[in-house]
Amino acid sequence: MTNIASREAIWLALSQIPPGKVVTYGELARMANLPRAARLAGTVLKQLPENSQLPWHRVINAQGKLSLPASTPAGKEQARRLTAEGVIISAGKVSLAQFGWLR
DNA sequence: AGCGTGACACGAC
DNA sequence: GGTCGTGCCACGC
């Protein structure tokens with residue numbers, strides 16, 4: 001599996017996440033057939049272009065929290081988009097109802 | 001080739 | 001509930 005094919009697999013998996021649901025980095029990697037590439041998922045998301053249509057905001061860490069600092073613009077944007085989709089966030093954590101889609 | 005780094009995960013304490 | 005250590009994949013120097 002080449003490095004770029006892995007990135008593409010992540011992109012594809014990312015595009016499959018429906019609005020109102022969230023997945024963890026590890027789950028995203030599994031969806032992309034890269035069971036142990038949770039870290040890669042993070043680096044790929046980080047390098048996504050601004051203009052991307054992919055739902056990068058639906059990816060959170062295994063503790064149910066947003067990995068982006070709430071102090072940063074991107075962090076606020078992620079929270080804003082999620083709540084706009086009906087995802088309930090309290091104290092930086094996502095409610096279990098929409099967590100763990102595909103499991 | 002070696003070593004450090006990161007939007008991570010998981011099992012032990 | 002926390003913190004720590006290890007394992008992971010890919011990059012960059």
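Source: prediction; values computed, not measured. First the proteins, then the strands, lettered A, B, ... as listed; each starts at 1.
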Engineer: Out of C:dC11, C:dC9, B:dA9, which nucleotide sits closest to the side chain of A:Leu40?
Structural biologist: C:dC9
Engineer: Spell out, yes or no, whether A:Val23 and A:Leu48 are grouped together once hydrophobic residues are joined by side-chain heavy atoms under 4.5 Å, including indirect joins.
Structural biologist: yes
Engineer: Output the single nucleotide from B:dC8, C:dC11, B:dA7 whose closest atom is nearest the side chain of A:Trp56.
Structural biologist: B:dA7
Engineer: Hey, can you pull the residues of residues 64-91 of chain A with a non-hydrogen atom under 4.0 angstrom from DNA chain C?
Structural biologist: none
Engineer: In whole angstrom, what separates A:Asn61's CG from B:dG6's C1'?
Structural biologist: 14 Å
Engineer: Rounding to an integer number of Å, can you tell me how far A:Ile10 CD1 sits from C:dC9 C1'?
Structural biologist: 10 Å
Engineer: Do any pairs count as a side chain to side chain donor-acceptor pair (under 3.5 Å) and have a residue in residues 61-72 of chain A, sequence neighbours left out, and if so which ones?
Structural biologist: A:Asn61-A:Ser67
Engineer: Measure the distance from CZ on A:Arg30 to C1' on B:dC8 and round it to the nearest whole Å.
Structural biologist: 13 Å
Engineer: Report, one line per pair, each donor and acceptor closer than 3.5 Å where one atom sits in a side chain of residues 83-93 of chain A; sequence neighbours left out.
Structural biologist:
from	atom 1	to	atom 2	distance (Å)
A:Thr83	OG1	A:Ala79	O	3.0
A:Thr83	OG1	A:Arg80	O	2.9
A:Glu85	OE1	A:Gly20	N	3.0
A:Glu85	OE1	A:Arg58	NE	3.0
A:Glu85	OE2	A:His57	NE2	3.0
A:Glu85	OE2	A:Arg58	NE	3.1
A:Glu85	OE2	A:Arg58	NH2	2.7

Engineer: In whole Å, what is the span from the CZ atom of A:Arg7 to the C1' atom of B:dA7?
Structural biologist: 16 Å
Engineer: To the nearest Å, how far apart are A:Gln63 CD and B:dA7 C1'?
Structural biologist: 13 Å
Engineer: Quick one: on DNA chain C, does A:Lys93 or A:Gln47 contact a more 5' nucleotide (nearest heavy atom)?
Structural biologist: A:Lys93
Engineer: Starting from the C-alpha separation in whole Å, work towards a yes-or-no answer on side chain to side chain contact (heavy atoms under 4.5 Å, CB included) for A:Val22 and A:Val59.
Structural biologist: CA-CA 6 Å; A:Val22 298; A:Val59 187; over 6 Å; no
Engineer: Listing request: all side chain to side chain donor-acceptor pair (under 3.5 Å) pairs with a residue in residues 46-55 of chain A, at least two apart in sequence or in separate chains.
Structural biologist: none
Engineer: Please output the side-chain donor-acceptor pairs of residues 34-43 of chain A that fall under 3.5 Å, not counting sequence neighbours, one pair per line with the distance.
Structural biologist:
from	atom 1	to	atom 2	distance (Å)
A:Thr43	OG1	A:Arg39	O	3.1
A:Thr43	OG1	A:Leu40	O	2.8

Engineer: Apply side chain to side chain contact (heavy atoms under 4.5 Å, CB included) to the pair A:Trp56 and A:Glu77, showing each step before the final yes or no.
Structural biologist: CA-CA 11 Å; A:Trp56 56 269; A:Glu77 177 64 7; 4.1 Å; yes
Engineer: If the P atom of C:dT6 is compared with that of B:dA7, how far apart are they to the nearest Å?
Structural biologist: 22 Å
Engineer: Let me check something: do A:Leu96 and A:Leu82 share a hydrophobic cluster, defined by ILVMFWY side-chain heavy atoms less than 4.5 Å apart, either directly or through other members?
Structural biologist: yes
Engineer: So, A:Gln78 side chain and A:Pro73 main chain: donor-acceptor pair closer than 3.5 Å or not?
Structural biologist: no
Engineer: Between protein and nucleic acid, restricted to nucleotides 3-8 of chain C and to nitrogen or oxygen atoms under 3.5 Å apart, what atom pairs and distances do you find?
Structural biologist:
from	atom 1	to	atom 2	distance (Å)
C:dG7	O6	A:Arg39	NH1	3.1

Engineer: Does C:dA10 have OP1 or OP2 under 4.0 Å away from a side-chain N or O of A:Ser6?
Structural biologist: yes
Engineer: When the C1' atoms of B:dA1 and C:dG12 are considered, how many whole Å apart are they?
Structural biologist: 14 Å
Engineer: Provide, to the nearest angstrom, the distance between the CG atom belonging to A:Leu34 and the P atom belonging to B:dA9.
Structural biologist: 14 Å
